[in-house]
Number of protein chains: 2
Amino acid sequence: MERRDLHGGEARERPDPDGVAPLARITLGTQVYDALRDLLIAGELAPGERLSLRTVAERLGTSMMPAREAVSRLVADEALEVLPNRAVRVPVITLGKFRELTRVRIAVEGFAAAEAARIVGPRDLTAIREHDEAFRHEVRAPEPDLERAMRANRDLHFAVYEAAGLPSLIAIIEGLWLRIGPVLNLDMRSSPRRLAEGGAEAHHADLVAALSVGDAEGARTALAADIAGSAAFIETTGRLAP
Amino acid sequence: MERRDLHGGEARERPDPDGVAPLARITLGTQVYDALRDLLIAGELAPGERLSLRTVAERLGTSMMPAREAVSRLVADEALEVLPNRAVRVPVITLGKFRELTRVRIAVEGFAAAEAARIVGPRDLTAIREHDEAFRHEVRAPEPDLERAMRANRDLHFAVYEAAGLPSLIAIIEGLWLRIGPVLNLDMRSSPRRLAEGGAEAHHADLVAALSVGDAEGARTALAADIAGSAAFIETTGRLAP
DNA sequence: CCAGCCTAAGTGTGATCACAGATCACGGCA
DNA sequence: TGCCGTGATCTGTGATCACACTTAGGCTGG
């Protein structure tokens, strides 16, 4: 985990002198939560890695209280776990758990894709195409930037889900990504070249094509194939706990 | 919210998916969380009702810290919300949000029912039948005990979901119930007699029948009809915010 | 009598301290 | 040499205090 300071400068003190009150409360606890959340989804925290409230607080430049709240919320999301030994760590996903999460993802995210296909408009569609294009461009590059590729992949997926117009469903999906993020990104990072071999490009193309013509079931199957493909690749790495 | 003391109550340990670790952390914060959770699902906290960390702590016989953690987790679950005014309250669900949650419920819980139908065993089936019988008995009684009926309904549903063997899916569904619990139970409470008019009995019968023969799609449609029926009833009460 | 300020109570948030339990390295005994 | 006890250290949890902010109610001045 890299060093970063949450309140660099006094920007936090007086938000928005223009008069528009911030809709969302930006407490320190929330900021720590978001920081840890990004680290988890980006795979910068490896499964099994241990955290400490005090070190987290120190590295983010706050006291222990915001770290406590953030870790509590992440534990509630099952994105972190606190062992009976009173140790906080990134959960180690077993193979069985990974397969279970994959099945749930296919069901939930597949439903989101199907709903998106039914009501997607031209605005959402162009955004989706842009993310798809960005992903394809990054993967086909001679030296793919893994981080940007993963970000494009994530943006593409969530652009589709947001097109479904079901915010509560997006929250659920974010919770799922929060849990598979560590193992998924960590393994992807280990072998960037195989990123394209999972057939992600083809699945994405099918997905965009189905969305374009409003084919709900086509979108669902394309997305399911994408998830299954990446999951199968992860399993081949054999890094998952038995 | 009624007075209850945590020290007298027993800590409920949530079932471990992997089954190996019987050690459950029973912190005060978790106990407060469970207490508030039960109150929310049971509909004893009305939408819009305001909470205070200090009053919660006092009523449950603890200090403010466990109440803080519990409320933080519930806010993260969107089961509570803290307004920019720094006021914590039970969210007021709008009609649009209620319909959205209902659609998500039909998709997610319908999937769970379908999966359950595929792999349900005789043990789960008998448990499901018992809950179904308890619900029917309670509804048909001359003076139905609403609380017991709702409990039987809840037990029936979750017995089905647990039969699907997907713990992460159950966690998702619990999150959904946590959010619709207040509005659902509150309205049911207002007119107990109409409990049966939603067709819950018939839908439950269809569900159990489909589960018995392994009819996945039948189970899905039966459960979807049950959810849609109760949702339609809620909407007729007109209590939802526009 | 009414409007407007303005104090006082109450709110969540953050910091600091206290404490029981677990971990781990070190040292002494067999 | 190998093993076990043991204390220093680190862990999360809980309690208490301080603070900025909101809100409601009483008071004053018109």
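Residue numbering restarts at 1 for every chain, and letters A, B, ... go by the order of the sequence lines. What you see is a predicted model; the values in this text were computed from it and never measured.
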> In chain order, what residues pass the salt bridge (Lys or Arg N to Asp or Glu O under 4.0 Å) check against Arg50(A), with sequence neighbours excluded?
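Partners of Arg50(A) under the salt bridge (Lys or Arg N to Asp or Glu O under 4.0 Å) test: none.
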
> Excluding sequence neighbours, so at least two apart, what forms side chain to side chain donor-acceptor pair (under 3.5 Å) with Glu130(B)?
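Once residues adjacent in sequence are excluded, Glu130(B) has no partner under the side chain to side chain donor-acceptor pair (under 3.5 Å) criterion.
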
> Rounding to an integer number of Å, can you tell me how far Met64(A) CE sits from dT13(C) P?
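To the nearest whole Å, that distance equals 17 Å.
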
> Can you name the nearest heavy-atom pair linking Ala70(A) to Val32(A), along with the distance?
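In this case the closest contact between Ala70(A) and Val32(A) is CB-CG1, 3.5 Å.
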
> Write down the distance between CD (Glu58(B)) and P (dA15(D)), rounded to a whole number of angstrom.
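Atom-to-atom, Glu58(B) to dA15(D), this comes out as 14 Å.
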
> Leu178(B) and Arg37(B): which non-hydrogen atoms are nearest, and at how many Å?
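Distance-wise, the nearest heavy atoms are CD1-CG, 3.5 Å.
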
> What's the CD1-P distance between Ile26(B) and dG12(D), to the nearest Å?
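Ile26(B) atom CD1 is separated from dG12(D) atom P by 19 Å.
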
> What's the closest nucleotide to the Thr27(B) side chain, out of dG14(D), dA15(C), dT16(D)?
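The answer is dG14(D).
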
> How many Å lie between CD on Glu69(B) and P on dG12(C), as a whole number?
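Computing the Glu69(B):CD to dG12(C):P distance gives 16 Å.
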
> Go along nucleotides 6-11 of chain C 5' to 3' and tag each nucleotide: B for a protein heavy atom under 4.0 Å from its base, S when only backbone or sugar atoms are that close, - otherwise.
-----B

> Taking donor-acceptor contacts at under 3.5 Å, does the side chain of Arg68(A) reach the base of dG14(D)?
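Such a pair exists between side chain and base.
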
> Distance check needed: dT11(D) P versus Arg89(A) CZ, whole Å only.
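Computing the Arg89(A):CZ to dT11(D):P distance gives 16 Å.
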
> Holding to salt bridge (Lys or Arg N to Asp or Glu O under 4.0 Å), I want the full list of residues that pass it with Glu109(B), two or more places apart in sequence or in another chain.
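With neighbours one apart ignored, the set is Arg105(B).
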
> Mind checking side-chain contact (heavy atoms from CB on, under 4.5 Å) for Met65(B) and listing every partner two or more places apart, or none if nothing turns up?
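In terms of side-chain contact (heavy atoms from CB on, under 4.5 Å), with neighbours along the sequence ignored, Met65(B) is linked to Met65(A), Arg68(A), Ser63(B), Arg68(B).
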
> So, using salt bridge (Lys or Arg N to Asp or Glu O under 4.0 Å) as the criterion, who are the partners of Glu235(B) when residues are at least two apart?
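Scan of Glu235(B) (salt bridge (Lys or Arg N to Asp or Glu O under 4.0 Å), adjacent residues dropped) gives Arg99(B).
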
> By side-chain contact (heavy atoms from CB on, under 4.5 Å), which residues pair with Arg103(B), not counting sequence neighbours?
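Per chain and number, Arg103(B) pairs via side-chain contact (heavy atoms from CB on, under 4.5 Å) with Glu115(A), Leu166(A).
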
> Identify each donor-acceptor pair in which a side-chain atom of residues 74-84 of chain B lies under 3.5 Å from a protein atom, sequence neighbours left out, and give them as a table.
| unit_1 | atom_1 | unit_2 | atom_2 | d |
| --- | --- | --- | --- | --- |
| Asp77(B) | OD2 | Tyr33(B) | OH | 2.8 |
| Glu81(B) | OE2 | Arg89(B) | NE | 2.8 |
| Glu81(B) | OE2 | Arg89(B) | NH2 | 3.1 |

> Taking the axis from the first five pairs and the axis from the last five, what angle separates them in the helix from dC1(C)-dG30(D) to dA30(C)-dT1(D), rounded to 10 degrees?
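Comparing the axis at each end, I get an angle of 10°.
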
> Could you tell me how far apart Leu80(A) (CG) and dG12(D) (C1') are, to the nearest whole angstrom?
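One finds 14 Å between C1' of dG12(D) and CG of Leu80(A), rounded.
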
> In whole angstrom, give the distance that lies between atom CG of Leu28(B) and atom P of dC19(C).
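Interatomic distance, CG of Leu28(B) to P of dC19(C): 17 Å.
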
> Over how many whole Å does the gap from Glu81(A) atom CD to dG12(D) atom P extend?
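Whole-Å distance recorded here is 13 Å.
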
> Taking only the side-chain heavy atoms of Asn85(B) (C-beta and beyond), determine which of dG14(D), dT22(D), dG12(D) contains the nearest atom.
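Of the candidates, dT22(D) comes closest.
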
